[in-house]
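The structure under discussion appears below in the form of structure tokens.
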Amino acid sequence: MTVRTRFAPSPTGFLHIGGARTALFNYLFARRHGGKFILRIEDTDRERSTPEAIEAIIQALTWLELDWDEGPFFQTARYDAYKENIQKLLAAGKAFPCVCAPEELDAKRQLALKEKRKPAYDGTCRPKDGKIASIPQGKPYTIRFLSPRDGTTVVDDTVKGRVVFDNRELDDLILARSDGTPTYNFCVVVDDIDMKITHIIRGDDHLSNTPRQILLYQALGHTPPEFAHVPLILGLDKARLSKRHGATSATAYRDMGYFPEALANYLVRLGWAHGDQEIFSRAELIEKFSLEAVGKSAGVFNPEKLLWLNSHYLKTRPLSRLADEIVPFIKAKGYPAPQDHAWLERMAATLRERAKTLTELVEQAHFYLSDEISLDEKAAKKFLTPDIREPLAELADGLAALSEFSEGGVEQAFTAILQRRELPLGKLAQPVRVALTGSTTSPGIYEVIAVLGKERTLRRLKSALERIQTSQV
RNA sequence: GUCCCCGUCGUCUAGCCUGGCCCAGGACACCGGCCUUUCACGCCGGCGACACGGGUUCAAAUCCCGUCGGGGACGCCA
């Protein structure tokens with residue numbers, strides 16, 4: 001039997017973090033077992049489904065490199081299949097029409113809740129004594145599943161273990177709305193049967209749906225697949241992750257300068273572990289992922305750790321790739337995109353250990369990307385002082401005379417002056433740093449100078465010198 | 001309210017199934033130190049948890065029961 005998993009989002013919004021992890025687990029499990037990973041769009045709720053959401057979900061999956069083998073399939077294109085199966089159930093006396101009005105049902109539900117009872121369908125339209133109910137004429141009706149009133153339904157869940165539900169807890173769920181369109185729990189089962197899904201891996205908020213679905217499988221004459229309900233992702237307040245916890249869409253992280261590898265690595269470790277290992281390549285994940293190692297308890301989303309993983313990927317990324325990846329962020333900040341790829345690489349190399357995201361890296365690259373450096377006045381006051389004017393001027397001359405404008409050459413120029421004047425490096429480096437970058441913190445001063453190049457370095461030193469001159473008078 | 005799930009450092013987790021190797025290991029964050037031209041990186045060290053109460057046992061984070069706490073489901077949403 002070849003493994004077939006599926007990710008089945010409803011396109012009512014972007015792909016959120018929890019969905020991304022579910023997709024990842026399904027993907028990994030399928031790949032691990034040489035199976036197929038299927039994408040299905042559950043768009044039966046026509047009110048809330050949008051083409052934009054579909055696009056956003058596909059984009060997010062693509063960004064995360066969770067490529068699917070079949071689909072996307074759309075439930076709205078499969079109405080015939082659902083209708084056919086409803087007819088089958090109706091004919092077999094396993095479903096029945098219900099003429100209860102939504103308002104009635106709602107009132108009963110409210111009352112039950114108020115009286116602290118479990119709100120459930122009271123069976124008003126349930127056919128008595130095993131008769132096959134006839135279709136009501138001239139009245140709107142829904143089709144309900146005739147759910148057994150006794151016995152138990154067992155879910156043998158790969159992560160949660162054996163969970164037993166009393167069938168009395170399950171009411172006669174609606175399979176088709178009064179407009180004839182099928183509902184979620186029914187479509188899912190029909191689809192998973194037709195698409196030959198062998199393993200359903202999804203959030204554990206679906207665990208309580210599972211006994212109904214198992215009952216539907218049985219009614220339709222099929223064996224249920226394996227179920228694996230993975231715990232939910234919580235916010236810092238332990239409530240289910242939602243908008244108020246900040247960025248929750250997968251692509252929001254892309255836009256904030258995170259790498260897909262980092263997000264995937266973070267997400268997979270939330271609820272799953274392989275010993276003490278923290279960093280996983282995609283290949284390792286495929287090799288090592290297993291549902292048995294997925295934990296049972298919900299996990300809190302920790303942005304700090306994601307950031308740490310991202311910085312890891314930032315530090316270890318091939319430079320030429322990094323250079324490509326920062327370009328969109330440079331443009332987004334409104335800088336002209338540098339054409340010299342090699343230069344971009346050198347620039348990124350000096351910054352990558354100081355930034356945790358691409359956004360941060362580009363922010364710190366301001367003095368490379370623009371000649372209008374923002375001078376920190378406090379720093380200027382402290383370091384661009386008259387006593388440094390001479391060494392600074394001398395350094396400018398030394399750098400101007402350099403035939404090879406490399407890090408090594410720059411260092412020699414510095415050392416020569418420092419030795420002659422018996423100055424510690426910091427005494428000269430800080431003023432130079434302020435002159436070139438506008439701030440007291442930056443990458444190593446030799447790297448900065450080498451990357452900036454002779455012309456821009458000299459120009460900035462010159463204007464610093466001028467500033468010292470004028471403030472003297 | 002009813003049903004279901006869950007409960008190891010602040011957070012993610014290893015260990016739990018197959019009790020002793022665990023006065024509980026790793027990671028993020030935090031604190032201190034080292035490295036150092038600044039800031040980072042890196043390295044070293046520190047802080048810090050078996051929810052609680054009973055039981056079983058020579059021995060319990062690990063097995064059993066209860067309590068408490070958190071989450072989820074209860075839609076003509078998915």
Side-chain angles (χ1 to χ4, degrees), chain A residues 8-12 42-45 47-49 75 98 100-102 105-106 109 112-121 140-144 155 157 159-161 163-166 168-171 173-185 187-188 203-211 229 231-232 234 236 238-240 266 269-279 292 295-309 311 315 351-356 364 379 383 414 418 424-430 432-434 437 439-446:
Chain A
S10 63
T12 54
E42 311 218 318
D43 55 349
T44 52
D45 183 355
E47 302 278 302
R48 298 195 300 153
S49 300
Q75 290 190 323
C98 169
C100 295
L105 262 15
D106 202 48
R109 190 161 28 245
L113 241 20
K114 215 173 115 190
E115 291 176 353
K116 310 217 179 281
R117 299 192 329 264
K118 188 184 175 90
Y121 176 62
Y141 62 90
T142 58
I143 305 292
R144 285 185 185 270
V155 182
D157 196 272
V159 346
K160 299 283 183 181
V163 185
V164 181
F165 291 86
D166 194 314
R168 275 169 306 219
E169 291 296 327
L170 283 15
D171 59 0
L173 85 159
I174 291 178
L175 304 180
R177 304 181 181 97
S178 50
D179 65 358
T181 58
T183 58
Y184 168 75
N185 278 103
C187 298
V188 167
D204 72 8
D205 49 336
H206 285 287
L207 184 56
S208 45
N209 279 330
T210 309
H229 287 94
L232 261 20
L234 273 26
L236 215 51
K238 301 267 186 182
R240 192 176 172 167
Y266 176 71
R269 277 288 286 101
L270 221 184
W272 174 83
H274 186 265
D276 288 336
Q277 190 171 347
E278 296 286 351
I279 310 282
E292 282 71 27
K296 292 169 190 266
S297 53
V300 173
F301 185 80
N302 181 354
E304 308 259 71
K305 188 143 187 186
L306 206 207
L307 215 43
W308 171 74
L309 276 162
S311 73
K315 277 177 289 201
L351 256 18
R352 72 197 313 198
E353 302 214 323
R354 273 156 261 261
K356 290 187 179 351
Q364 292 177 11
F383 292 106
F414 265 76
L418 259 21
L425 177 51
K427 197 75 187 156
L428 184 56
Q430 280 306 75
V432 172
R433 195 184 310 279
V434 173
T437 73
S439 132
T440 53
T441 66
S442 86
I445 196 64
Y446 306 141

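In this text, all values refer to a predicted model and were calculated from it rather than measured experimentally. Within every chain, numbering begins at 1; the chains are lettered A, B, ... in the order of the sequence lines, protein sequences first and strands thereafter. All values below come from the heavy atoms of this structure, side chains included, with hydrogens, waters and symmetry mates left out.
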Sugar-phosphate, base or nothing in reach of [X], heavy atoms under 4.0 Å:
X	result
Ala273(A)	sugar-phosphate
Thr44(A)	sugar-phosphate
Arg48(A)	base
His229(A)	nothing

**Q.** Tyr184(A): partners by side chain to side chain donor-acceptor pair (under 3.5 Å), with sequence neighbours left out
**A.**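 Tyr184(A) satisfies side chain to side chain donor-acceptor pair (under 3.5 Å) with His206(A) once adjacent residues are dropped.
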Q | Partners meeting side chain to side chain donor-acceptor pair (under 3.5 Å) with Glu304(A) (sequence neighbours left out) | A |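 Partners of Glu304(A) by the side chain to side chain donor-acceptor pair (under 3.5 Å) criterion come out as none, since no residue qualifies.
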Q. Going 5' to 3' along nucleotides 27-44 of chain B, which nucleotides have protein heavy atoms under 4.0 Å from the base (write B), which only from the sugar-phosphate (write S), and which from neither (write -)?
A. BSS-------BBBBSS--
Round to a whole Å and report the spacing from [atom1] of [X] to [atom2] of [N].
X	N	atom1	atom2	result
Leu234(A)	G69(B)	CG	C1'	13 Å
Asp106(A)	C74(B)	CG	P	14 Å
Lys296(A)	A14(B)	NZ	P	12 Å
Trp272(A)	G15(B)	CH2	P	12 Å
Ile174(A)	A78(B)	CD1	P	11 Å
His274(A)	G25(B)	NE2	P	21 Å
Arg109(A)	A73(B)	CZ	P	15 Å

Would you find a donor on one side and an acceptor on the other, under 3.5 Å apart, between the side chain of [X] and the backbone of [Y]?
X	Y	answer
Thr437(A)	Val434(A)	no
Glu42(A)	Val188(A)	no
Arg269(A)	Trp272(A)	yes

What is the base-pairing partner of [N], counting Watson-Crick and G-U wobble geometry with both distances under 3.5 Å?
N	value
C28(B)	G10(B)
C63(B)	G55(B)
A73(B)	U2(B)

Extract from the structure each pairing of a protein N or O with an N or O of nucleotides 1-3 of chain B at less than 3.5 Å, listing the distance.
residue: G1(B); atom: O2'; partner: Lys116(A); partner atom: O; Å: 2.1
residue: C3(B); atom: O4'; partner: Glu169(A); partner atom: OE1; Å: 3.4

Q | Nearest-nucleotide 5' precedence on RNA chain B, Asp205(A) against Tyr121(A) | A |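 This one resolves to Asp205(A).
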Q) Taking for each residue the nucleotide of RNA chain B bearing the nearest heavy atom, is the 5' side occupied by Ser178(A) or by Asp204(A)? A)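 The residue mapped nearer the 5' terminus is Asp204(A).
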Q. To the side chain of Asp45(A), which of C4(B), C12(B), A78(B) is closest?
A.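 Nearest to the side chain of Asp45(A) among the choices is A78(B).
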Q. Can you name the residues that form a salt bridge (Lys or Arg N to Asp or Glu O under 4.0 Å) with Asp157(A), not counting sequence neighbours?
A.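 Counting only residues at least two positions away or on another chain, Asp157(A) forms no salt bridge (Lys or Arg N to Asp or Glu O under 4.0 Å).
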Q. With sequence neighbours left out, what residues match Asp43(A) under salt bridge (Lys or Arg N to Asp or Glu O under 4.0 Å)?
A.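 With neighbours one apart ignored, the set is empty.
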Q) Are side-chain heavy atoms of Tyr121(A) and Cys98(A) found at a separation under 4.5 Å? A)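 With C-beta onward as the side chain, the pair touches.
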Q: Find out whether Lys160(A) and Leu207(A) are in side-chain contact, i.e. whether some heavy atom of one side chain is under 4.5 Å from a heavy atom of the other.
A: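 Contact flag for Lys160(A)/Leu207(A) side chains = yes.
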Q) Stepwise, does the side chain to side chain contact (heavy atoms under 4.5 Å, CB included) test hold for Asp205(A) with Leu232(A)? A) CA-CA 7 Å; Asp205(A) 49 336; Leu232(A) 261 20; 3.8 Å; yes
Quantified in whole Å, what is the [atom1] atom distance between nucleotide [N] and nucleotide [M]?
N	M	atom1	value
G33(B)	C41(B)	P	16 Å
C30(B)	U67(B)	C1'	34 Å
U2(B)	A60(B)	C1'	34 Å

